[in-house]
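Data first, discussion second: the structure below is written as structure tokens.
By convention in this document, chain letters (A, B, ...) are assigned in the order of the sequence lines, proteins followed by strands, and residues within each chain are numbered from 1.
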2 protein chains.
Amino acid sequence: MKRSKEITIYDIATELNVSPSTVSRALKKHKSIGKETIKKVEKKASQLGYRPNVVAANLRNQKTHTIGVIISRVDRPFISTLIGGIESEAKKKGYHVIFAQSHDKVKLEIENANVLFNSRIDGLIVSLAMETKSYEHFKPFLDKEIPLVFVDRVTETLNTDLVVIDNTHSAYIATKHLIEQGCTRIAHFAGAQHRNVYRNRRTGYENALTEAGLPVDNSLILELKHLNSEEGYKAAEKILTGKNRPDGIFASNDTTAVSVIQCAKKLGIKVPEELAVVGFNNDPICTIIDPALSTIDHPAKQMGELAARQLLEHKSDPIIDSSSTIKLKTSLIQRASSTRKK
Amino acid sequence: MKRSKEITIYDIATELNVSPSTVSRALKKHKSIGKETIKKVEKKASQLGYRPNVVAANLRNQKTHTIGVIISRVDRPFISTLIGGIESEAKKKGYHVIFAQSHDKVKLEIENANVLFNSRIDGLIVSLAMETKSYEHFKPFLDKEIPLVFVDRVTETLNTDLVVIDNTHSAYIATKHLIEQGCTRIAHFAGAQHRNVYRNRRTGYENALTEAGLPVDNSLILELKHLNSEEGYKAAEKILTGKNRPDGIFASNDTTAVSVIQCAKKLGIKVPEELAVVGFNNDPICTIIDPALSTIDHPAKQMGELAARQLLEHKSDPIIDSSSTIKLKTSLIQRASSTRKK
DNA sequence: CTGAAAGCGCTAACAC
DNA sequence: GTGTTAGCGCTTTCAG
């Protein structure tokens, strides 16, 4: 059964007494090739067990039909859903997806960018590492005009396509909702402020307070480096056991919002009656925690699909030179954790 | 800034008045090249902005340094962790990872296998789609002796490397634990029985019952097609409202186990006092649900790393002709959902 | 220690 | 409608 030698178009050509180019064209159903010939070639090809050598074609065409994706880590609900969307869309268009994890480290992100650059991917989608503050490692892509799209955790300093949500507005509606539920002292778990997503969420939170005539109290704003559950729990403990406890919390992600609920339970603080909580992302855990967590619906899958589409269409349409930003709508999903009134 | 033309080793060679072969060797730090020359070449290369053309090297070397991964869908905790492990290990060894989702459909799995086969990946890791019952689409890999490793949802009919856990034993200890907690009527949520993982879990469950002198009651065994939360909730409702309600449930995954707890809460059945519950996987939701869900710790990341290692080492060591099975240990994680005694 | 030259397999411009 | 031919950029054998 084993075939030690790979069949090439030359083998087919020889057997059929035609030229390699004819075979090549026939295999692509080129219009200038007779139907007869096409049939003949196809038959012979499958008979000999031919498989096209994509690598050779890639070399010749200067195209790999592969896109790269650099993300923090794949085992997070938002990211895995995002990347799932990218894959679906890319496959539709005949592209492969290589992914690489930065584990939120700049060093790894740079390494990944370089490796992917050298592997001649046709485009790159990036959601930045938490740490990243400088963006030189993406310059080579711009210089060589390789399509580059940032998603969610983006930088605006680089003149590339962006796919984002309106973080400011999302945070605004989340906070406004808490206010409408009667909260007057609303705390905020903020993320690293050099990352636009977290900076904007903080802004939206402050906007809502200001609009409602509530003071922005810096002692109610905690900046968490990683926004993981340990950090979230500690922050919750701190703010819930301190004097002048808040009656509402808007957290920058669901993970820490869940920690808040768990901590409140432990401390005997009633959610939502004494403490209303809203998270961000709509991770699966939102409907598992009791009370269910109100949150902002983050359209991860759609963002992935759009990023891929943007990347591949921008690519084939060099007329669009200017960088475009796609900003997706989000909505508040109100659940028990913040529902005091009907 | 833009470079319209790519620099090749020929450009470097010309500038330096040496031959392309010397440049090629120097770039690889071949021992037969003088240190002087190597330095000169490296300097010129970076000065000209040279980047190696990996595609050309791939063609020449008949190797892509890329491995493919086919999984059901990436946005599941177990899968995303698995795939994260694969990527980490692959990167260490200088390999890229292309992933493709089957969405649990055979048709897509076949398509993915064919596409990846043609793209000349150096190896393939597969966790089978729920549906898959025939395995011809993997034959081409075997014929061409392209390393093939199955993980978790595997087939034993194909003489390839396998990375699995001991599902029978895991289910056995889970069920035994329920018995030790005093359960005498233990139900089981089984998965599709043509998938080895679910078949073995059922066997382990039955073994534990039999060993303890308890009857295997088929009315307590429900086979769920997809093991998603909707199915889980329905099954829970059915079995908890029927006559002769069970006092324990061992579910084949955490998703449905959580549904059981949620349903029990709604029905006013106390967990664990009236109904002890054990799941499988140790998904993040286990510690979010209240009471926390006892489960089997599934070493997803490690499985991914091992699968990648197995794939890449087997590859470079053709002496190992026989297919090997790596079976990982699991352990029971006991939490509140099944803790009646101390 | 270095160079010449062939070839990995495919494509497409240019002939006929 | 089909054939000839020249590469895509790299590696490596063989020769020196």
Parallel, tilted or perpendicular: rings of A:Phe141 and A:Phe138 (30°, 60°): tilted

Nearest to side-chain heavy atoms of B:Ser19, which nucleotide of D:dG3, C:dA4, D:dC8: C:dA4

Integer-rounded Å distance: D:dC10 C1' and B:Ile7 CD1: 16 Å

Test item: A:Asn112 side-chain N/O and A:Gln101 main-chain N/O as donor-acceptor pair under 3.5 Å: yes

Strand-adjacent residues in residues 50-57 of chain A, judged by heavy atoms under 4.0 Å from DNA chain C: A:Tyr50, A:Pro52, A:Asn53, A:Ala56, A:Ala57

Exercise: identify the closest heavy-atom pair between A:Leu59 and B:Ala56: CD1-CB, 3.7 Å

Sugar-phosphate, base or nothing in reach of A:Asn58, heavy atoms under 4.0 Å: nothing

Check: D:dT2 base within 3.5 Å donor-acceptor of A:Thr37 side chain: no

Positions of residues 22-32 of chain B (non-hydrogen atom under 4.0 Å from DNA chain D), listed by number: B:Ser24, B:Arg25, B:Lys28

Near-strand residues of residues 8-17 of chain A, defined as heavy-atom separation under 4.0 angstrom from DNA chain C: A:Thr8, A:Ile9, A:Tyr10

Residue whose closest nucleotide on DNA chain C lies nearer the 5' end, B:Ile33 versus B:Arg60: B:Ile33

Atom pair distance, as rounded to whole Å: NE2 in B:His65 and P in D:dC10: 15 Å

Between P of D:dG1 and CD of A:Glu36, the distance in whole Å: 12 Å

Sidechain-backbone polar pair: A:Arg195 side chain, A:Ala129 backbone, donor-acceptor under 3.5 Å: yes

Check: B:Ser72/B:His103 side-chain N/O donor and acceptor closer than 3.5 Å: no

Check: A:Ile86 main-chain N/O paired with A:Ser88 side-chain donor or acceptor under 3.5 Å: no

Value in whole Å for how far the P atom of D:dG9 lies from CG of B:Leu59: 12 Å

Whole-Å distance separating the CG atom of A:Asn61 from the P atom of C:dT11: 6 Å

Nearest-0.5 Å distance that lies between atom NZ in B:Lys105 and atom CD in B:Glu131: 5.5 Å

D:dT11 phosphate, OP1 or OP2, under 4.0 Å from B:Gln62 side-chain N/O: no

Side-chain donor-acceptor pair present, B:Ser24, B:Ser21, cut-off under 3.5 Å: no

Exam field: side chain B:Asp161 to backbone B:Val149, donor-acceptor pair closer than 3.5 Å: no

Pair B:Glu89 + B:Lys92: basic N to acidic O under 4.0 Å: yes

B:Pro77 backbone acceptor or donor facing B:Thr81 side chain under 3.5 Å: yes

